[in-house]
Visitor: 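Quick one: the structure is below, questions incoming.
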Amino acid sequence: MGSLWNGAADLLKLFLEQFYKLTGSYGTSIVILTVVIRLLLYPLNKKQLVSMQAMQKIQPRLKMLQEKYGDDKQKLGEETMQLYREYKVNPAAGCMPMLVQLPILILLFQVLRKHDFGDAAYLGLFKLSTSAVNGLSQACGGHATERLVDAVKAVFANPAGLSNVSMYIGNALLIAAIVFLTWLQQKMSTGDNPQMAAMNTVMPIFMAWICLSMPGGVMIYWGLSTLIGVVQQYYVVKNAKIEMANKPSLHKNKPVVEVVEDDDEYEWVEVEDDEE
């Protein structure tokens, strides 16, 4: 597995170098490589998003089944599987594409993190081999470091160095963009689910912390990859909603279960309900 992993890393590095020969810019090469990877992974990503959307749509029906057969696990399982077949939903389908995508994205991340970009910058802002923390520390006369505490010490020792904005502003702006895109992606994925509200706050903060020590080249990849993911998710979810709107509603013409009391006994009965 080690040789296979290293071979895949060398292949990605070769593509990066070839794009550099064509463009003369490592930043542009990273952009091209990221777009190519995301386009190749789009079919898997689409499958995952469609599956997630379908699972969200059948949640009301699943809740009804849980309320009706909560005490009969076997019957609940049978009815749940029947519901999955009815709407052609595979709960595992949302996980499998991610298991395929993740190694590729991690591999690309590692290739960019280890690549020596020298003093190259992109668009005059993003230092490809320097992190925001590193640039901030050097701007204030400190040594090259990835430790936030050392950068803060350098700022307190020479606050006037903050005027050297070219050393860190590009990477800082990119971090802000990644934080916003992460929040937006989480919001699109979880909707108004109150149980996931905490993740909408935690994930952006976590990404900001991680990105502080990321080289600019890695952040260009990460930011662009997240942006492409958001755009793809928007269109896939939008099309899925249109498709579901053209199908019978999950509630329309479905039996509504009520509990009726009769001589101190309770039984489930089905009543007609034509409302959606």
Side-chain angles (χ1 to χ4, degrees), residues 12 15-16 19 22-23 25-57 89-90 93-113 122-123 125-126 128 132 170-193 196-197 199-208 210-211 214-247:
L12 282 178
F15 281 125
L16 181 65
F19 290 143
L22 292 174
T23 64
S25 167
Y26 271 122
T28 303
S29 302
I30 294 172
V31 169
I32 295 174
L33 185 59
T34 304
V35 171
V36 170
I37 293 295
R38 291 296 305 200
L39 289 177
L40 291 175
L41 293 177
Y42 175 70
L44 290 173
N45 190 43
K46 179 181 178 180
K47 185 176 181 181
Q48 178 188 7
L49 293 172
V50 169
S51 177
M52 289 172 56
Q53 185 71 12
M55 285 297 296
Q56 290 180 7
K57 290 295 182 181
V89 173
N90 182 359
C95 301
M96 291 305 295
M98 179 59 69
L99 295 178
V100 177
Q101 295 180 68
L102 200 56
I104 299 175
L105 297 178
I106 292 175
L107 190 62
L108 180 57
F109 175 90
Q110 290 186 348
V111 168
L112 296 177
R113 183 171 60 87
Y122 186 52
L123 301 179
L125 287 175
F126 311 120
L128 299 182
N171 291 33
L173 291 174
L174 192 52
I175 291 175
I178 291 174
V179 168
F180 171 74
L181 289 171
T182 301
W183 172 83
L184 182 59
Q185 194 169 46
Q186 283 292 121
K187 187 69 174 177
M188 292 171 65
S189 300
T190 61
D192 297 324
N193 187 345
M196 299 298 293
M199 289 299 296
N200 294 343
T201 302
V202 172
M203 279 302 296
I205 294 175
F206 176 72
M207 284 308 306
I210 294 295
C211 287
M214 277 188 183
V218 175
M219 285 203 300
I220 290 175
Y221 146 70
W222 194 261
L224 181 59
S225 181
T226 305
L227 175 60
I228 294 173
V230 167
V231 173
Q232 289 178 344
Q233 184 170 347
Y234 171 79
Y235 282 104
V236 169
V237 171
K238 180 181 178 181
N239 292 334
K241 287 182 177 180
I242 294 175
E243 182 180 353
M244 291 299 295
N246 294 329
K247 293 181 178 181

Visitor: Determine, step by step, whether L16 and I32 satisfy the side chain to side chain contact (heavy atoms under 4.5 Å, CB included) criterion, reporting the C-alpha distance in whole Å, the side-chain angles of both residues, the deciding distance to 0.1 Å, and the verdict.
Guide: CA-CA 9 Å; L16 181 65; I32 295 174; over 6 Å; no
Visitor: Of the non-hydrogen atoms in S29 and T23, which two are nearest, and what is the gap between them?
Guide: OG-OG1, 3.2 Å
Visitor: For L128 and G27, work out which heavy atoms get closest and say how close.
Guide: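 Between these two residues, the closest heavy atoms are CD1-N, 3.8 Å.
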Visitor: Would you name the heavy atoms of A132 and A172 that are closest together and state the gap between them?
Guide: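 A132 and A172 have their closest heavy atoms at CB-N, 4.4 Å.
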Visitor: Atom CG in L227, atom CZ in F180: separation rounded to 0.5 Å?
Guide: 10.0 Å
Visitor: Determine the minimum heavy-atom distance between V179 and A208, stating which atoms define it.
Guide: CG2-CB, 3.5 Å
Visitor: Is it true that, when you exclude Y234 itself, more than 12 heavy atoms of the residues, nucleotides or ligands shown sit nearer than 6.0 Å to its OH?
Guide: no
Visitor: Can you name the ring pair (Phe, Tyr, Trp, His ring centres under 6.0 Å) partners of Y221, sequence neighbours left out?
Guide: none
Visitor: Taking only residues two or more places apart in sequence, or in another chain, which ones meet L107 in a side chain to side chain contact (heavy atoms under 4.5 Å, CB included)?
Guide: W5, A8, A9, L12
Visitor: I need the L33 CG to R38 CZ distance, nearest 0.5 Å.
Guide: 12.5 Å
Visitor: Does L40 have any side chain to side chain contact (heavy atoms under 4.5 Å, CB included) partners at least two apart in sequence or in another chain, and if so, which?
Guide: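 Side chain to side chain contact (heavy atoms under 4.5 Å, CB included) check on L40 returns V36.
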Visitor: Does the side chain of S225 come under 3.5 Å of the side chain of T34 through a donor N or O and an acceptor N or O?
Guide: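 There is no such pair between these side chains.
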Visitor: Could you point out which residue of V35, V218, I220 forms a side-chain contact (heavy atoms from CB on, under 4.5 Å) with I30?
Guide: I220
Visitor: Which residues satisfy the side chain to side chain contact (heavy atoms under 4.5 Å, CB included) test with F206, sequence neighbours excluded?
Guide: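 By the side chain to side chain contact (heavy atoms under 4.5 Å, CB included) rule, F206 matches I210.
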Visitor: Quick one: SG on C211 to CG on N171, what's the gap to the nearest 0.5 Å?
Guide: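 So the gap between those two atoms works out to 10.0 Å.
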Visitor: M203: which residues meet the side chain to side chain contact (heavy atoms under 4.5 Å, CB included) condition with it, sequence neighbours left out?
Guide: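 Partners of M203 by the side chain to side chain contact (heavy atoms under 4.5 Å, CB included) criterion, ordered by chain and then number, come out as T182, Q186, M199.
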Visitor: Please examine the side chains of W222 and I178, heavy atoms only from C-beta on, and report whether any two atoms are closer than 4.5 Å.
Guide: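 A side-chain contact exists here, since the closest heavy-atom pair is under 4.5 Å.
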Visitor: Distance from I228 atom CD1 to L224 atom CG, nearest 0.5 Å?
Guide: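 Those atoms lie 4.0 Å apart.
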Visitor: If the condition is side chain to side chain donor-acceptor pair (under 3.5 Å), which residues does T226 pass it with, not counting sequence neighbours?
Guide: none
Visitor: If you compare all heavy atoms of T201 against all heavy atoms of P204, which two are closest, and at what distance to 0.1 Å?
Guide: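 Heavy atoms only, the tightest pair is O-CD, 3.4 Å.
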